[in-house]
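Notes follow the structure.
In what follows, every heavy atom counts, from backbone to side chain, and hydrogens, waters and symmetry copies are set aside. Read the numbers this way: they start at 1 and go in the same order the structure lists the ligands and their atoms.
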Amino acid sequence: MTSRPHGPIVVLCGGVGGSRLMRGLANVVSHDRLIAIINTADDEWFHGLYVSPDPDIVTYALAGEVDEERGWGLRGDTFRWLESLRRFGHETWFNIGDRDLATHLHRTRLMREGVPMTAIISDIARAFGVDVRLLPMTNDRVRTVVETEAGDQPFQEFLVKNHARDRVRAVRFEGAHEASPAPGVLEAIREAQAIIIAPSNPIASIGPILALNDVADALAVSTAARAAVSPIVGGASLQPPAAEMMVGLGHAVDVTGVAEIYRGFIDTLLIDGADAARAPLIEEMGIRPIVTNTIMRDDASRTALARRLLDALSVTTDA
Ligand code: GDP
Ligand code: CA
């Protein structure tokens, strides 16, 4: 393992699980050492507004403003504009709070002015006082479409409108082949001291990042210390639709299924104590298992997991 003591700690992540780990990491290392590469394939237009859930959750979590119960949205937000919109007969199944609305208005306005997503995400982060470098996975449009037995469904429709109830047959990332990783993404991976795959949905959150040109190759040949935290705990996902998608694509919904998806991209997998019995199976797959508490219910557990993870990667902490 080549160590690059000055290289960044690079985290591939989605929304809820990703943002919790980012918060833990930000508690223990200087922010200028951290770079998040965030999924944007479940972005969607609603009511003329461009909504980018995963970058927003990560931003809100790092700002300490995320609604911890839900895992998304701003704490204490209200939904009056959405309730008012219902009067006109519009579909309001996608929840956007009143304060959250301002973020989407701002983002959409910048997009209309031709500002690339990289600059928009850092502008929103700056406005929330977040100094960790947040990168969208791409500045191009990539769209997750879930192929179900009831037909093709855009990701948010599958998850939020239909509650992930239709059996998944396949998942495709429209536009991924033509898309380029955002400026800074490949550089971050190449220069990384450590690469972390957050406990995010392996199919819908990490899948689109891996599907971008050159990203999987860069990860596969990286000599950085590489680890993932399993989002599957005790044979289940803490929230839909990771399990539904893994089943649909023929993966076991347990830590071996996660290891199978990430094989070649990680050397170490952190699994929960609830899955300790499966550690030998992970080892047989050529991945070093580390058993620890992976549930991040509060700041103390997030911080403890971040420390355990960095320790496993031989990365020194700053706090
Ligand atoms: P999304 O974009 O909001 O779907 O969020 P992510 O893709 O980042 O995370 C979803 C996954 O995170 C689910 O499979 C959850 O099981 C997992 N997850 C959420 N919170 C935690 C946690 O505290 N610990 C672990 N190990 N996984 C978590
Ligand atoms: Ca997401």
Side-chain angles (χ1 to χ4, degrees), residues 11-25 36-44 51-62 66-73 94-95 134 136-137 142-144 146 154-160 163-164 171 173 196-210 227-247 249 251-255 257-259 261-262 269-276 278 289-306 308-309:
V11 185
L12 274 55
C13 71
V16 174
S19 65
R20 288 179 174 151
L21 183 68
M22 281 304 296
R23 185 70 207 258
L25 289 166
I37 298 173
I38 312 174
N39 171 48
T40 54
D42 49 15
D43 291 9
E44 195 53 90
V51 178
S52 189
D54 292 359
D56 285 354
I57 299 174
V58 175
T59 304
Y60 298 167
L62 288 171
V66 79
D67 185 310
E68 302 256 359
E69 291 283 297
R70 289 191 307 238
W72 54 269
F94 193 83
N95 294 301
L134 306 182
M137 62 180 202
V142 175
R143 216 160 164 248
T144 297
V146 188
F155 180 79
Q156 299 298 352
E157 197 175 309
F158 168 75
L159 173 63
V160 184
H163 309 287
V171 177
F173 308 119
I196 295 165
I197 302 182
S200 289
N201 183 330
I203 313 293
S205 295
I206 305 300
I209 305 178
L210 298 177
V229 178
S230 176
I232 301 296
V233 178
S237 174
L238 303 182
Q239 63 185 69
E244 291 83 351
M245 289 181 152
M246 288 174 74
V247 168
L249 301 191
H251 297 289
V253 183
D254 71 6
V255 292
V258 175
I261 296 171
Y262 293 149
L269 180 64
L270 271 69
I271 63 174
D272 198 80
D275 302 299
R278 286 189 158 68
I290 288 184
V291 180
T292 188
N293 175 23
T294 69
I295 304 277
M296 298 174 279
R297 66 174 62 78
D298 53 24
D299 221 40
S301 49
R302 284 191 289 263
T303 302
L305 179 60
R308 189 72 195 83
L309 178 58

TODO: Under 3.0 Å from the Ca ion (ligand 2), which protein N, O or S atoms are there? Could you list them by chain and number?
DONE: D42 OD2, D54 OD1, D54 OD2

TODO: Please report the shortest heavy-atom distance between A228 and Y262, naming the atom on each side.
DONE: CB-CD1, 3.9 Å

Task: Protein residues having a heavy atom less than 4.0 Å from any atom of ligand 1 - done: G14, G15, V16, G17, G18, R20, D54, P199, S200, N201, S205, S230, P231, V233, S237, L238, Q239, A242, T294, I295, M296

Open item on the list: Let me confirm one number: the CG-CZ distance from N201 to F155, rounded to the nearest 0.5 Å.
Closed with: 6.0 Å

- [ ] For N39, check side-chain hydrogen bond (donor to acceptor under 3.5 Å, both in side chains) against everything at least two apart and list the hits.
- [x] D42, D54

Open item on the list: For Q156 versus P53, what's the shortest heavy-atom pair and its separation?
Closed with: NE2-CG, 3.5 Å

Open item on the list: Ignoring hydrogens, what is the shortest heavy-atom contact between V66 and G71? Give both atom names and the distance.
Closed with: CG2-O, 3.7 Å

Open item on the list: If the test is side chain to side chain contact (heavy atoms under 4.5 Å, CB included), which one of I197, I206, I203 qualifies with I261?
Closed with: I203

Task: Set of residues satisfying side chain to side chain contact (heavy atoms under 4.5 Å, CB included) with respect to D254, sequence neighbours excluded - done: A252, T256, R278

Open item on the list: For V146, run the side chain to side chain contact (heavy atoms under 4.5 Å, CB included) check against E244, E157, M245 and tell me which one passes.
Closed with: M245

Task: S301/D298 under side chain to side chain donor-acceptor pair (under 3.5 Å): CA gap, chis, key distance, verdict - done: CA-CA 6 Å; S301 49; D298 53 24; 2.7 Å; yes

